[in-house]
Number of protein chains: 2
Amino acid sequence: MSDRSRRIPEATVARLPVYLRSLAELLEDKTATVSSERLAEMAGVNAAKVRKDLSYLGSYGTRGVGYDVEYLAFQMSRELGLTHDWPVVIVGAGNLGQALANYGGFKERGFPVAALVDADRAKVGQLVHGVPVHHLDELPVLKERLGIAIGIIATPAVAAQDVADALAEAGIGSILNFAPAVISVPEGTSLRKVDLALELQILSFYQEHRDTEGV
Amino acid sequence: MSDRSRRIPEATVARLPVYLRSLAELLEDKTATVSSERLAEMAGVNAAKVRKDLSYLGSYGTRGVGYDVEYLAFQMSRELGLTHDWPVVIVGAGNLGQALANYGGFKERGFPVAALVDADRAKVGQLVHGVPVHHLDELPVLKERLGIAIGIIATPAVAAQDVADALAEAGIGSILNFAPAVISVPEGTSLRKVDLALELQILSFYQEHRDTEGV
DNA sequence: CGGGCTTTGTGAACATGTGCACGTGTTCGG
DNA sequence: CCGAACACGTGCACATGTTCACAAAGCCCG
Ligand SMILES: NC(=O)c1ccc[n+]([C@@H]2O[C@H](COP(=O)([O-])OP(=O)(O)OC[C@H]3O[C@@H](n4cnc5c(N)ncnc54)[C@H](O)[C@@H]3O)[C@@H](O)[C@H]2O)c1
Ligand SMILES: NC(=O)c1ccc[n+]([C@@H]2O[C@H](COP(=O)([O-])OP(=O)(O)OC[C@H]3O[C@@H](n4cnc5c(N)ncnc54)[C@H](O)[C@@H]3O)[C@@H](O)[C@H]2O)c1
């Protein structure tokens with residue numbers, strides 16, 4: 001991956017944040033360098049995979065030594081676009097939306113919740129943990145004013161597609177969907193989903209098969 | 001996949017719940033049969049993939065017609081082990097744990113929250129949305145008494161590995177981890193994770209690359 | 001009852017992801 | 001200065017997943 005063959009595989013992209021978290025731990029321990037072996041252990045993957053993944057970022061390691069923790073962390077942050085904050089908007093100020101707004105972990109990792117948005121006029125104007133609730137119609141304005149590039153969908157499933165459309169319309173190109181619904185977004189928009197019930201069902205599958213076949 | 005070649009690929013397992021949700025919608029609409037084409041559209045995937053996925057369950061379709069919605073839904077539920085409830089225990093009665101306990105969507109989908117567990121004695125004995133909080137030590141007892149097979153980790157990251165160990169020790173073979181930490185579990189235990197910050201970082205990657213290269 | 005239409009089920013090609021094995025550069029002790 | 005230990009970077013083989021394309025099967029209708 002000598003120089004500009006900059007097409008990082010999806011599977012690798014999904015692991016970079018895990019490596020980065022491990023590097024952050026090492027930084028706290030004042031560890032200067034780390035081997036692929038050690039990093040692999042911390043990230044719960046295979047060492048060869050770590051080396052291959054990191055090689056997509058460039059040749060930042062030193063043979064016989066390992067990787068400089070700080071430098072690697074910097075390069076990785078840069079690649080992930082984490083050198084600046086990404087304000088997010090949460091759509092749906094219900095149970096989940098409020099819980100997420102309450103959660104400090106996002107700001108800490110560079111994703112401050114800049115605004116909440118809801119279709120329910122009764123909720124508009126409220127403050128949730130210091131974050132103001134706006135009306136859905138204000139999305140475009142909020143996007144421009146606050147520089148929002150990421151939207152989180154925390155509405156009931158039926159509204160999810162409409163919200164996604166509104167987000168895309170407003171020029172918000174990255175969407176994280178919590179609603180248990182399949183939604184489609186225009187070309188050029190990134191979509192990821194978190195579906196808890198789905199995860200439980202997958203667990204159920206393997207559990208059931210262990211229980212019945214496993215005997 | 002004629003008969004007993006019962007080794008369903010992981011990628012397929014992860015899609016089955018999505019199909020099932022689509023089938024549930026069709027059932028509500030009183031739709032009797034569905035083609036792979038239509039199901040693919042609803043599930044947001046390719047039709048060939050739907051057919052291949054379903055073929056792992058058996059030959060439940062009828063050429064020229066499609067799949068009987070009710071029958072397929074039944075077979076799929078059976079395969080996923082959703083013909084009975086799976087009581088879950090949530091470990092960590094904090095922000096997230098309480099929000100999850102409050103959420104009705106789990107019970108509705110067959111995953112009733114049977115108990116909350118926490119290490120903090122001050123929280124033990126409380127009721128959260130009708131769910132009692134027990135002490136971590138009671139895990140084995142709860143597991144037996146309530147028939148719990150699935151544990152959800154909603155503690156701070158530092159405690160996650162300890163909790164996973166306690167769950168495994170108690171004989172709980174399926175774990176869903178919300179803490180941003182890599183944890184390892186013994187052979188024969190299923191582990192899935194939900195990491196919101198990680199998802200946002202992945203979105204950040206693609207957004208950044210669109211913003212910079214895309215121009 | 002047969003021909004045409006529809007839609008499944010699957011073999012095969014292709015794409016993506018993983019892991020081994022090893023060449024190569026680096027360090028360090030003697 | 002040399003050799004041994006170390007650890008990266010990557011070619012290659014293998015595994016898994018996706019998509020195409022088409023024969024076979026069932027339905028409908030005349
Ligand atoms: N609460 C949880 O712990 C949890 C867990 C997993 C998944 N979810 C999913 O998250 C979503 C939200 O769950 P919740 O418990 O917060 O629901 P909720 O009913 O408490 O909140 C939904 C909010 O969305 C708002 N809303 C509805 N339509 C809207 C629209 N078109 N535009 C903007 N806002 C709109 C409502 O006014 C309400 O404030 C659901 O899809 C649910 O399945 C929730
Ligand atoms: N709150 C959110 O919206 C949110 C979102 C994403 C991820 N998370 C993650 O979920 C986890 C929990 O977050 P939270 O906001 O609920 O934290 P919290 O501090 O509110 O709650 C943590 C709970 O875990 C309990 N606990 C601590 N150690 C324990 C142990 N060894 N055994 C049992 N219980 C123990 C604590 O007593 C506390 O009740 C964190 O890892 C966080 O990063 C939370």
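Chain identifiers are assigned alphabetically (A, B, ...) following the order of the sequence lines, protein sequences preceding nucleic acid strands; residue numbering begins at 1 within each chain.
The distance between atom CG of B:Asp53 and atom P of C:dT7, rounded to the nearest whole Å, is 19 Å. The distance from atom CG of A:Asp68 to atom P of D:dA7 is 15 Å, rounded to the nearest whole Å. Regarding B:Leu39, its CG atom lies at a distance of 12 Å from the P atom of C:dG9, rounded to whole Å. The CG atom of A:Leu72 sits 14 Å away from the C1' atom of D:dA7 (whole-angstrom rounding). Regarding A:Leu54, its CG atom lies at a distance of 15 Å from the P atom of D:dA7, rounded to whole Å. In this structure, B:Glu10 places its CD atom 11 Å from P of D:dT18, rounding to the nearest Å. Taking atom CZ of A:Arg51 as the reference point, atom P of C:dG23 lies 15 Å away to the nearest angstrom.
For A:Thr62 and D:dC8, the shortest distance from a side-chain N or O to OP1 or OP2 is not below 4.0 Å. A sub-4.0 Å separation between OP1 or OP2 of D:dG9 and a side-chain N or O of A:Tyr67 is present. Taking only side-chain nitrogens and oxygens, B:Lys49 comes nearer than 4.0 Å to OP1 or OP2 of D:dT18. Regarding contacts with the backbone of D:dT18, a side-chain N or O of B:Arg15 is found under 4.0 angstrom from either OP1 or OP2. Taking only side-chain nitrogens and oxygens, B:Asn46 comes nearer than 4.0 Å to OP1 or OP2 of D:dC20.
Within 4.0 Å (heavy atoms only), B:Glu37 reaches no atom of the nucleic acid at all. Using a 4.0 Å heavy-atom cutoff across all strands shown, A:Ala11 reaches sugar-phosphate atoms only and no base atom.
At a threshold of 4.5 Å between non-hydrogen side-chain atoms, the residues B:Leu116 and B:Val89 do not count as touching.
Checking D:dC8, C:dA21, D:dA21 against the side-chain heavy atoms of A:Ala48 singles out C:dA21 as nearest. Listed candidates were D:dC8, C:dG9, D:dT10. Nearest to the side chain of B:Ser55 is C:dG9.
Residues A:Gly64 and A:Gly61 both approach DNA chain D. Their nearest nucleotides, taken by heavy-atom distance, put A:Gly64 toward the 5′ side.
On a pure distance criterion of 3.5 Å, no polar donor-acceptor pair joins the side chain of A:Arg63 and the base of C:dT26. With hydrogens and angles left out, the side chain of B:Lys52 and the base of D:dT18 share no donor-acceptor pair within 3.5 Å.
Scanning all heavy atoms of the two residues, the minimum distance from A:Ile8 to A:Val13 falls at CG2-CG2, 3.7 Å. Scanning both residues, B:Thr189 and B:Ser174, for their nearest heavy atoms gives CG2-N, 4.5 Å.
The closest donor-acceptor contact from the side chain of A:Arg15 to the backbone of A:Val45 lies at 3.5 Å or more, if one exists at all.
The aromatic rings of A:Trp86 and A:His84 lie tilted to each other, with the angle between the two planes from 30° to 60°.
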